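Everything quoted here is computed from the prediction, not taken from an experiment. In this chain, residues are counted from 1 in sequence order.
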Amino acid sequence: MSWISDPNFTEDQPFGPQTLPYGVVDGGVAVRVGDRALLLKSLALGKCSEYLQEDSLDPLLGAGRPIWSVLRAKLREIVQSSSAPKGAELVGIETAKLPFTVGDYVDFYSSRHHAENVGKMFRPDGDALTPNWTHLPIGYHGRAGTVYVSGTEIVRPNGQKRGSDGPKFGPSERLDIEAEVGFVCGGPKAANVSTSRAAEHVFGVTLVNDWSARDIQAWEYQPLGPFLAKSFATSIGAWITPLEAFSVARVPTPPLPNKLHDYLTCDQPWGLDITITVELNDTIVARPPFREMSWSFVQQLAHMTVNGATVRPGDLFASGTVSGPEKDERGSFLELSWGGKEPFKLDDGSTRSFLEDGDTVKLTATAPGEGGSVVGLAEVVGTVRSA
């Protein structure tokens, strides 16, 4: 029996002792235990304590895998003890904030189902997949300064859109979501990171909603890709689930039809069996399966650094939209409504193709954990308003 009395701090709940995600609340760095937060700076954690004194995860991200492993082991022992340790303080999670300084941000495009759906809509007379898609993880550099913590309002962006007499300017009328999984980097600065060493540079996992303005995107994306349609807002969870929590959830990625270059080959399975739930105004509209992603995070990091680019503590990269083969597994409204041609229905009787002002989107996710437990990823919530 744990000294922590919280009905949601059990192994059959997402934030039980098997998960222990890190975040920052009023009072400092903490781990989430059910619906409470255990502050860390006053606990006797040996050498680990020096990385937990600031109101940010930045020092801990820079500490590296050996410290991360030792700290997680100590915390699992503490939270499962029958008596509270000296200095223990439980507080609410309501004040959770963006827990680290976001460095570079890269967004990938690694769901074959999503890429084929978008290709069919955007290039109806061409091939659904571009020739390079099965040979490398396609991605682009996003804007770190507009990565926001869950709960931040999303302002409908302005931009140019295609019109009948040339481009028109104004607020996006086709505002969308992208349900994704993000990876928070740490450890020593490094380039040319191999797939076998990539996990040394990934501290933890978070949910991501990479908001997208599809009408702005359709006009601007050729020939260089996303810009204003993506850079206005990206939401992430307030709690970062340690990579080690997903040891049971590791699965092989779906096979690709061609031989890969050596730097993209893997000697271990690094797909993750995470299931995302997408809610719009309290209606579940999709359950995208992350296990369907064709490119794993270790391949993404290897590709991102193979040209000599470095990865540093605080860098964030996201998987790209997670979509499965079924209609109710699509991770964007662009796909769910098939470009607006097939609006989907909500529980209140209304229909949507894209987001309206006042709409609230919530992403949650779980994965299998040790001994039949459930590992959780912190929710990502955002409500849309006009400028």
Side-chain angles (χ1 to χ4, degrees), residues 14 93-94 96-98 105 107 111 114 117-118 142-143 146-157 171-182 205-217 226 229-239 274-290 316 318-324 326-340 342-366 376-387:
I93 61 173
E94 298 80 13
K97 57 200 73 175
L98 188 65
Y105 169 53
D107 191 30
S111 164
H114 173 68
N117 287 338
V118 172
R143 188 173 180 85
T146 49
V147 174
Y148 301 119
V149 72
S150 173
T152 304
E153 278 193 320
I154 304 303
V155 178
R156 186 178 297 274
S172 172
E173 298 168 353
R174 293 164 70 91
L175 186 58
D176 197 2
I177 69 159
E178 290 188 342
E180 307 189 18
V181 174
V205 186
T206 182
L207 281 177
V208 172
N209 186 347
D210 200 35
W211 306 85
S212 300
R214 300 300 185 186
D215 41 3
I216 297 172
Q217 181 181 2
K230 304 277 192 176
S231 62
F232 63 97
T234 299
S235 297
I236 68 170
W239 300 91
I274 296 170
T275 300
I276 303 173
T277 299
V278 181
E279 294 182 46
L280 174 58
N281 299 342
D282 299 320
T283 298
I284 295 175
V285 296
R287 287 189 169 91
F290 191 69
L316 171 69
S319 62
T321 305
V322 181
S323 290
E326 305 301 326
K327 184 172 182 179
D328 63 357
E329 295 177 333
R330 297 172 181 172
S332 70
F333 297 163
L334 175 71
E335 296 168 88
L336 283 170
S337 71
W338 206 252
E342 302 172 9
F344 53 92
K345 195 171 184 178
L346 305 184
D347 289 346
D348 63 5
S350 64
T351 59
R352 291 291 188 279
S353 292
F354 297 97
L355 289 162
E356 298 181 3
D357 289 349
D359 282 349
T360 297
V361 177
K362 178 171 137 178
L363 306 182
T364 55
T366 58
L377 284 86
E379 66 182 22
V380 176
V381 178
T383 298
V384 176
R385 68 172 176 85
S386 59

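The shortest side-chain heavy-atom distance between T366 and T277 does not fall under the 4.5 Å cut-off. Using a 4.5 Å cut-off on side-chain heavy atoms (C-beta onward), R214 and S332 make contact. V381 is not listed as a side-chain neighbour of S235, based on a closest heavy-atom distance of 4.5 Å or more. Contact annotation: the side chain of V155 approaches that of R385 to within less than 4.5 Å [non-hydrogen atoms, C-beta and beyond].
For the side-chain hydrogen bond (donor to acceptor under 3.5 Å, both in side chains) test, no residue two or more places apart in sequence or in another chain qualifies with K345. Scored by the side-chain contact (heavy atoms from CB on, under 4.5 Å) test, A365 finds L207, I274, I276, L377 as partners (sequence neighbours excluded). Applying the ring pair (Phe, Tyr, Trp, His ring centres under 6.0 Å) rule to Y105 yields no partners; only residues at least two apart in sequence or on another chain are considered. E342 pairs by the side-chain hydrogen bond (donor to acceptor under 3.5 Å, both in side chains) definition with K327, not counting sequence neighbours. Listed by chain and residue number, T360 satisfy the side-chain contact (heavy atoms from CB on, under 4.5 Å) test with T383 (two or more places apart in sequence, or in another chain). Not counting sequence neighbours, F232 has no partner by the ring pair (Phe, Tyr, Trp, His ring centres under 6.0 Å) test.
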#### Entry: Trace of the side-chain contact (heavy atoms from CB on, under 4.5 Å) decision for V380 with V208
CA-CA 7 Å; V380 176; V208 172; over 6 Å; no

### Pair S172-D215, side chain to side chain donor-acceptor pair (under 3.5 Å): steps then yes or no
CA-CA 6 Å; S172 172; D215 41 3; 2.8 Å; yes

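Considering every non-hydrogen atom in both V322 and E180, the closest pair reads CG2-CA, 4.0 Å.
The number of heavy atoms from other shown groups lying within 6.0 Å of CG (D282) does not exceed 12.
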